[in-house]
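Structure first, commentary second.
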Amino acid sequence: MSLPSTSTIPVLKAGITLTRFESGAASPRFLLALGDSHFLVSAKTRALVLALLDKPLDAAQLEARYEAESGQFLAAEQLLALARQTLPELLYIDTPLPPRHMPFVVSVTLLPTRLASRVTRYLAWLFTPGLAVALLALFAALHIAVLPSAMHSAHGAWSAREAVALVGLFLLSGLVHELGHTAACRYFRCPHGAIGFGLYFIFPAWYADVTRAWQLQPRQRAVVDLGGVYFQSIFLIAIDAWALATGSALALKLSWLITFTMLFTLNPVFKFDGYWLLSDLSGLHNLHKQVQSSLSSLVATVIGRRTVGAPTVRSGILYGYTLLSIGYFGYFALFLGRELRLLPTATLDKIAAGWALLRAVPSGQGWELAVALGAFAGTLLWPAMVMLGAVFFLDKLRRSLSGIAAAVRTARALPPAAGSALEKS
């Protein structure tokens, strides 16, 4: 068997980094990074990448460098086959890097990396364990006292001035949330990037670059995942104290709104903080793909394409995650259905009231006109969010059903399991 020539040995791009990924798994894994792209690879693939980064001149050098990295000899043909099977194409020198993808219509960096690092230097101490426990206990005591009134106040009337102040403070809570993620990175001496703001469809959204948190231990990554909600809890201590001291309707409504967003970001169905928290604590990654694979195995067992195996912790987590996702989809569907039913009558009344308020503003009153315009825009915001939410939900449902159909097709394509009724027939 002839060895490959030099021209068949792939050349990798410069700038590839490999770090140990701590997940608690029995076999070690490594995080391969190139630009904004990250991949989890095995120890064997890591050794191959390091061997290729040495730019071996021929097959013999490739074999020797791989053996030096891994302690195991593999023939050049096997190494090249391994490269074809496991290495993403963008690692090769002749493949252009994909453009950076930001899920925003527009976005702007508000705190560049250097400035964000200066800010988090003064905030990281808030993650000291004893202090964190004390702050969370204070938050729980105040929030339990405030939340019933906050939930009742949320359904009351909203004045124009109140709406403007509420939007401003709510956006500030979003910045606090992102500072929580970056400050957690700073506490664990992990570099972080910039903080910015963008529009996802019409939804305002903050973002922070904490990509390097992958280098941390699983429990440290979990703290980074929870850092945003933790900082919002600290923010709510001030808001709840304000509400208890003054009975302010604005403080009560703000407390309810921030609580709602904190709970929403902790749901593990969409790829928000709750998803990454579950992934980091369980050691399971690409949960959506793993759920599809797990469903395929379950269907294959039901239809006799595979034998029943002993339950594992991994399968238990995936099946539990699947049930949680189904429950969340059901809740979201009921919520959207109710809002869509109420939308025509409730929205028309609010638009009419907002338009009347806008027309009543005397000429030359700039501030009053701006406040009235803000209130009128606010009447249109919720209907737009409900409609976009419905579109988002239907698209997510379509993709989920497609994944289930693919899982069923995969299961049906398997040969009958040994000893099953299908095999005997």
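Model, not experiment: these values are computed from the prediction. Side-chain atoms are counted along with the backbone in the values below, which use heavy atoms only and exclude waters and symmetry mates.
Tested against Arg221 for a side chain to side chain contact (heavy atoms under 4.5 Å, CB included), the candidates Leu216, Leu281, Leu277 yield a single pass: Leu216.
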- Begin with the C-alpha distance, continue with both residues' side-chain angles, and end with the deciding distance and a verdict on side chain to side chain contact (heavy atoms under 4.5 Å, CB included) for Leu50 and Arg46. CA-CA 6 Å; Leu50 291 175; Arg46 169 188 175 272; 3.6 Å; yes
- Might you work through the side chain to side chain contact (heavy atoms under 4.5 Å, CB included) test for Leu12 and Ile93, ending with a clear yes or no? CA-CA 5 Å; Leu12 304 185; Ile93 197 167; over 6 Å; no
- Task: Please assess Leu91 against Leu32 for the test side chain to side chain contact (heavy atoms under 4.5 Å, CB included), listing each intermediate value before the final yes or no.
- Result: CA-CA 10 Å; Leu91 300 183; Leu32 186 153; 3.6 Å; yes
- Query: When you look at Asp273 and Leu226, which way does the side chain to side chain contact (heavy atoms under 4.5 Å, CB included) test go after all the steps?
  - Reply: CA-CA 7 Å; Asp273 295 347; Leu226 290 171; over 6 Å; no
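Within the 3.5 Å criterion, the main-chain N or O of Arg398 finds a donor-acceptor partner in the side chain of Ser402. The backbone N or O of Leu171 sits less than 3.5 Å from a side-chain atom of Trp206, completing a donor-acceptor pair. At distances below 3.5 Å, not a single donor-acceptor pair connects side-chain atoms of Lys55 with backbone N or O atoms of Val11. Within the 3.5 Å criterion, the main-chain N or O of Leu57 finds a donor-acceptor partner in the side chain of Gln61. Looking at Ser233, its side chain does come within 3.5 Å of a backbone N or O of Val229 through a donor-acceptor pair. At least one donor-acceptor pair under 3.5 Å links the side chain of Thr95 to the backbone N or O of Glu89.
Heavy-atom minimum distance, Leu80 versus Ile9: CD2-CA, 4.3 Å. Nearest heavy atoms, Tyr207 versus Val108: OH-O, 3.5 Å. Across all their heavy atoms, Ala150 and Leu252 have their closest contact at CB-O, 3.3 Å. For Ala116 against Leu111, the heavy-atom pair with the smallest separation is CB-O, 4.0 Å. Between Ala51 and Pro56 the shortest heavy-atom distance is O-CD, 3.3 Å. Here the shortest heavy-atom pairing between Val223 and Ala184 reads O-CB, 4.1 Å.
Classification of the Phe393-Phe329 ring pair by plane angle, with boundaries at 30° and 60°, yields tilted. Taking the six-membered ring where the residue is Trp, Phe231 and Phe127 present parallel rings, their angle staying beneath 30° rather than reaching 60°. Ring-plane geometry between His177 and His181 is classed as perpendicular, the angle between the planes exceeding 60 degrees on a 0 to 90 degree scale with a lower cut at 30. Using bins of under 30°, 30° to 60° and over 60° for the plane-to-plane angle, the ring pair Phe264/Phe272 lands in the tilted bin.
Rounded to the nearest 0.5 angstrom, Phe39 CZ and Ile16 CD1 are separated by 9.5 Å. Interatomic distance, Asp280 CG to Asp225 CG, rounded to the nearest 0.5 Å: 4.5 Å.
Every residue two or more places apart in sequence or in another chain was checked for a side chain to side chain donor-acceptor pair (under 3.5 Å) with Thr109, and none qualifies. A search for salt bridge (charged side-chain N to carboxylate O under 4.0 Å, His left out) contacts involving Asp94 returns nothing, not counting sequence neighbours.
In Arg399, the CZ atom is crowded: over 12 heavy atoms of neighbouring residues, nucleotides or ligands sit closer than 6.0 Å. Applying the 6.0 Å contact sphere to CD of Gln72 captures more than 12 heavy atoms from other residues, nucleotides or ligands.
The list of side chain to side chain donor-acceptor pair (under 3.5 Å) pairs with a residue in residues 117-146, not counting sequence neighbours, reads Thr120-His192, His143-Asp240, His143-Thr259.
No side-chain heavy atom of Val49 sits less than 4.5 Å from a side-chain heavy atom of Leu52.
Outside the 6.0 Å centre-distance limit, the rings of Tyr230 and Phe139 are not counted as a close aromatic pair.
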